[in-house]
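First comes the structure, then the notes that go with it.
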Amino acid sequence: QVQLVESGGGLVQAGGSLRLSCAASGRTFSSYAMGWFRQAPGKEREFVAAISWSGGGIYYADSVKGRFTISRDVARNTVYLQMNTLNVEDTAVYYCALASRVQAIVAASPSSWGQGTQVTVSS
């Protein structure tokens, strides 16, 4: 069906930046929303950000507002997560998600998940 492949994870020092990418392939919806979740060791998977098909609906978790920016390129079926001013607390596996509606992502009910990419922030 739909495959989501993340890239851009890695090691960065606190205060630095990373840009994650997620490309969707296979049989997608005619229009769909995409977003990001993350899971730190010993923690529940948490919502990070989501963006609607049109780009007019954007949502962020309070913990990343002002630091992270989500965007998408519909022509390439790709969503991005620009992460600035990273903290050690941002260390987690970041997962890309896809759903027919952006609210489904915000509600933690996406139809597809990526396999995740590791982001490690060092002090």
- Note on the structure: Output for pair (Q82 CD, L18 CG), nearest 0.5 Å, gives 8.5 Å
- Message: Given the ring of Y60, does R67 sit roughly above its face, with NZ or CZ under 6.0 Å from the centre of the six-membered ring and within 45° of the axis?
- Response: no
- Note on the structure: Taken in chain and number order and not counting sequence neighbours, the residues that satisfy side-chain contact (heavy atoms from CB on, under 4.5 Å) with Q103 are Y59, R101, V106
- How would you list, by chain and number, every residue that makes a ring-ring contact (aromatic ring centres under 6.0 Å, His included) with F37, sequence neighbours excluded? F47, W113
- Are the side chains of L20 and T117 in touch, meaning some heavy atoms are under 4.5 Å apart? yes
- Item | V102 with V2, same ILVMFWY side-chain cluster at under 4.5 Å | no
- Task: Could you tell me the separation between the CD1 atom of I105 and the OG atom of S111, rounded to the nearest 0.5 Å?
- Result: 8.0 Å
- Query: Can you name the nearest heavy-atom pair linking A99 to P110, along with the distance?
  - Reply: CB-CA, 4.0 Å
- I70 side chain near R72 side chain, heavy-atom distance below 4.5 Å: no
- Query: Do T78 side-chain atoms and R76 backbone N/O form a donor-acceptor pair below 3.5 Å?
  - Reply: yes
- Message: Does atom CD (Q39) have a neighbourhood of more than 12 heavy atoms from anything else shown, all under 6.0 Å?
- Response: yes
- Task: Establish, yes or no, whether the cationic atom of R45 lies under 6.0 Å from the six-membered ring centre of Y95 and within 45° of the ring axis.
- Result: yes
- Message: I'd like to check the salt bridge (Lys or Arg N to Asp or Glu O under 4.0 Å) partners of K43; sequence neighbours left out, ordered by chain and number.
- Response: none
- In this structure, CZ of R38 is separated from CD of E89 (nearest 0.5 Å) by 9.0 Å
- Item | Contact check, side chains of W36 and M83, non-hydrogen atoms, under 4.5 Å | no
- Nearest-0.5 Å distance, CG of residue N84 to CZ of residue R19: 11.0 Å
- Task: Nearest 0.5 Å please: distance from the CG atom of L81 over to the CE atom of M34.
- Result: 11.5 Å
- Query: Quick one: does S52's side chain have a donor or acceptor within less than 3.5 Å of a partner on G57's backbone?
  - Reply: yes
- Query: L4 and C96: which non-hydrogen atoms are nearest, and at how many Å?
  - Reply: CD1-O, 3.8 Å
- Item | Inter-residue atom distance T120.OG1 - L11.CG, 0.5 Å rounding | 6.0 Å
- Message: Under a plain distance cut-off of 3.5 Å, with no hydrogens placed, do Y80 and D73 share a side-chain donor-acceptor pair?
- Response: no
